[in-house]
Amino acid sequence: MAKLSYKVPSSLNRSFLDHEITLSKGGWAAKPSPIKQLLFFGGGILALLWFSTSTFVASSGPVAITFFVLWGLAAIAYFGGLMKTKELRIMRVPAFLAYLPRSARHVFTRRSSNPTDFYSIVGIDGIDEDGLIRFSDGGEGRVYLVVGSASYLLFDEDRIGILDRVDSFWRKVETTCEHSFITTKEPQRIYHQVANLERRNQALQLRDPDLIELQNEQYDILTQHVGGKFPSIHQYLLLKGKNTDALRKGHQVLQAEVGGSTLMIKEATMLDREEVETMLRVFYQGIDDELRDLKTSLN
């Protein structure tokens, strides 16, 4: 039976410092705070007092000391705040410092450039002809184009059935294979329509100018309007296993789910290398460049 409400479970990577403590039953202190946040506030205030009384700041005058203390308290309050992931904001500082150099913010992707920097962003060593992705950490993955069953127009019994099926599916998934759902807004896929139009053109025995003009008009509508100005939402599922065996088991679970019921996933189509690269271009090339490349390849 589907639950009436769901919550995000606690992370398995929790430590003693992640335990939350409520300091008071009322007021601003009534909100639970993790131990690491309290320790950060306490250590920050002690360090601020030491700087204000035992360093050169102590001899800089009352006004300067006041501004320094106010600035220090504001910095402690900001960097000690919690993000949505329950991590302190100060944890962003190392990543920010690593991002400051210009070389870290500009990656060259020319054929003659060193691919090491690009690998650090993508993390993919290569993609086989059948669509098998080989990651830099030794894992392997596959991408599927999926179609689900969710809708705002579902009846209550259908909604409960979908929730029960999804809950049952995740109970069968092993932790050695990651499941990542990717939602993109891409141009509508018109390859089959263009190929069918080309077959009609090749089979046309009477090369009448009016018929040729009609086919050209249909071709322009497909490439310039349907495939260019009307993007649609596509959803993909990336399976990433720690090794070949983990990916194989993840694929079997997904295949059994698709074959056993259409409640969670109606269709799942495995993508080959060309289709995987087309999906990845949306992230690493941009939607505008993708539309331009689509028109160029079709023309």
Side-chain angles (χ1 to χ4, degrees), residues 1-15 18-20 32 34 82-87 123-124 127-128 130-186 188-189 231-273 275-280 282-283:
M1 182 63 182
K3 300 178 182 179
L4 298 178
S5 61
Y6 292 84
K7 67 177 182 179
V8 178
S10 301
S11 173
L12 296 177
N13 195 27
R14 285 168 56 92
S15 65
D18 294 308
H19 291 284
E20 296 182 345
L82 294 177
M83 299 183 290
K84 292 182 178 180
T85 56
K86 297 293 184 178
E87 291 291 334
I124 296 176
I127 304 175
D128 294 348
D130 61 349
L132 179 66
I133 304 176
R134 303 187 182 278
F135 293 94
S136 302
D137 60 358
E140 296 183 354
R142 287 193 180 275
V143 180
Y144 303 81
L145 177 63
V146 296
V147 179
S149 302
S151 172
Y152 285 110
L153 303 179
L154 288 173
F155 292 104
D156 290 340
E157 57 185 18
D158 295 329
R159 178 181 61 84
I160 293 175
I162 291 175
L163 293 176
D164 287 337
R165 191 73 189 189
V166 172
D167 180 73
S168 175
F169 172 78
W170 289 118
R171 292 177 186 273
K172 294 180 291 185
V173 171
E174 297 187 6
T175 57
T176 55
C177 186
E178 300 178 19
H179 291 63
S180 302
F181 285 93
I182 303 172
T183 303
T184 64
K185 196 171 185 181
E186 309 173 28
Q188 295 191 31
R189 300 174 181 268
S232 59
I233 294 177
H234 298 77
Q235 191 166 42
Y236 302 91
L237 172 59
L238 169 63
L239 293 186
K240 181 187 176 184
K242 293 183 177 180
N243 47 51
T244 304
D245 185 62
L247 178 61
R248 178 183 58 83
K249 292 180 180 179
H251 170 76
Q252 291 176 348
V253 173
L254 176 64
Q255 192 176 34
E257 178 64 28
V258 176
S261 173
T262 60
L263 289 175
M264 179 176 174
I265 300 177
K266 283 186 177 180
E267 300 177 8
T269 305
M270 185 185 301
L271 305 185
D272 58 18
R273 179 169 62 186
E275 293 170 325
V276 171
E277 290 176 349
T278 301
M279 185 270 290
L280 293 176
V282 177
F283 299 98

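Values reported hereafter were calculated over all heavy atoms of this structure, with side chains retained and with hydrogens, waters and symmetry mates removed. Just so you know, residue 1 is the first one in the sequence shown, and it goes up from there.
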Problem set entry | Residue F155 excluded, over 12 heavy atoms near CZ under 6.0 Å | no
Problem set entry | Pairwise side-chain contact, D130 with R142, heavy-atom cut-off 4.5 Å (strictly under) | yes
Problem set entry | Heavy atoms of other groups near K86 NZ, more than 12 under 6.0 Å | no
Exercise. Residues in side chain to side chain contact (heavy atoms under 4.5 Å, CB included) with T175, at least two apart?
Worked result: none
For this session: Before giving the answer on side chain to side chain contact (heavy atoms under 4.5 Å, CB included), spell out for Y144 and H251 the whole-Å C-alpha distance, their side-chain angles and the decisive distance to 0.1 Å.
Result: CA-CA 10 Å; Y144 303 81; H251 170 76; 2.7 Å; yes
Exercise. Can you find a pair of side-chain heavy atoms, one from L271 and one from T278, that are under 4.5 Å apart?
Worked result: no
For this session: Begin with the C-alpha distance, continue with both residues' side-chain angles, and end with the deciding distance and a verdict on side chain to side chain contact (heavy atoms under 4.5 Å, CB included) for V253 and E257.
Result: CA-CA 6 Å; V253 173; E257 178 64 28; 5.7 Å; no
Only pairs under 3.5 Å count here: list side-chain donor-acceptor contacts from residues 132-141, not counting sequence neighbours, and write none if there are none.
| from | atom 1 | to | atom 2 | distance (Å) |
| --- | --- | --- | --- | --- |
| R134 | NE | D128 | OD1 | 3.4 |
| R134 | NE | D128 | OD2 | 3.2 |
| R134 | NH1 | E140 | OE2 | 3.1 |
| R134 | NH2 | D128 | OD2 | 2.9 |
| S136 | OG | G123 | O | 3.3 |
| S136 | OG | D125 | OD1 | 3.0 |
| D137 | OD1 | G139 | N | 3.1 |
| D137 | OD2 | K240 | NZ | 2.9 |
| E140 | OE1 | T244 | OG1 | 3.0 |
| E140 | OE2 | T244 | OG1 | 3.2 |

Seminar exercise, completed: Rounded to the nearest 0.5 angstrom, the CG-OH distance for L238 and Y236 is 12.5 Å
Problem set entry | Residues which pass salt bridge (Lys or Arg N to Asp or Glu O under 4.0 Å) with E174, listed by chain and number, not counting sequence neighbours | none
Exercise. Got a sec, which residues hit salt bridge (Lys or Arg N to Asp or Glu O under 4.0 Å) with D245, two or more places apart in sequence or on another chain?
Worked result: R248, K249
Problem set entry | With D158 via salt bridge (Lys or Arg N to Asp or Glu O under 4.0 Å) - residues at least two apart | none
Exercise. What's the verdict on side chain to side chain contact (heavy atoms under 4.5 Å, CB included) for L280 and I124, showing C-alpha distance, side-chain angles and the deciding distance?
Worked result: CA-CA 11 Å; L280 293 176; I124 296 176; 4.0 Å; yes
Problem set entry | Flag side-chain contact, heavy atom, 4.5 Å: I162 against R165 | no
Exercise. Can you list the steps and then say if V146 with V258 is a side chain to side chain contact (heavy atoms under 4.5 Å, CB included)?
Worked result: CA-CA 10 Å; V146 296; V258 176; over 6 Å; no
For this session: Could you tell me whether the side chain of H179 reaches within less than 4.5 Å of the side chain of L239, counting heavy atoms only?
Result: yes
Exercise. How far does CG of L145 sit from CD1 of I182, to the nearest 0.5 angstrom?
Worked result: 11.5 Å
For this session: For residues M279 and H234, determine if any side-chain heavy atom of one lies less than 4.5 Å from a side-chain heavy atom of the other.
Result: no
Exercise. Taking only residues at least two apart or on different chains, which pairs with a member in residues 259-270 satisfy side-chain hydrogen bond (donor to acceptor under 3.5 Å, both in side chains)?
Worked result: none
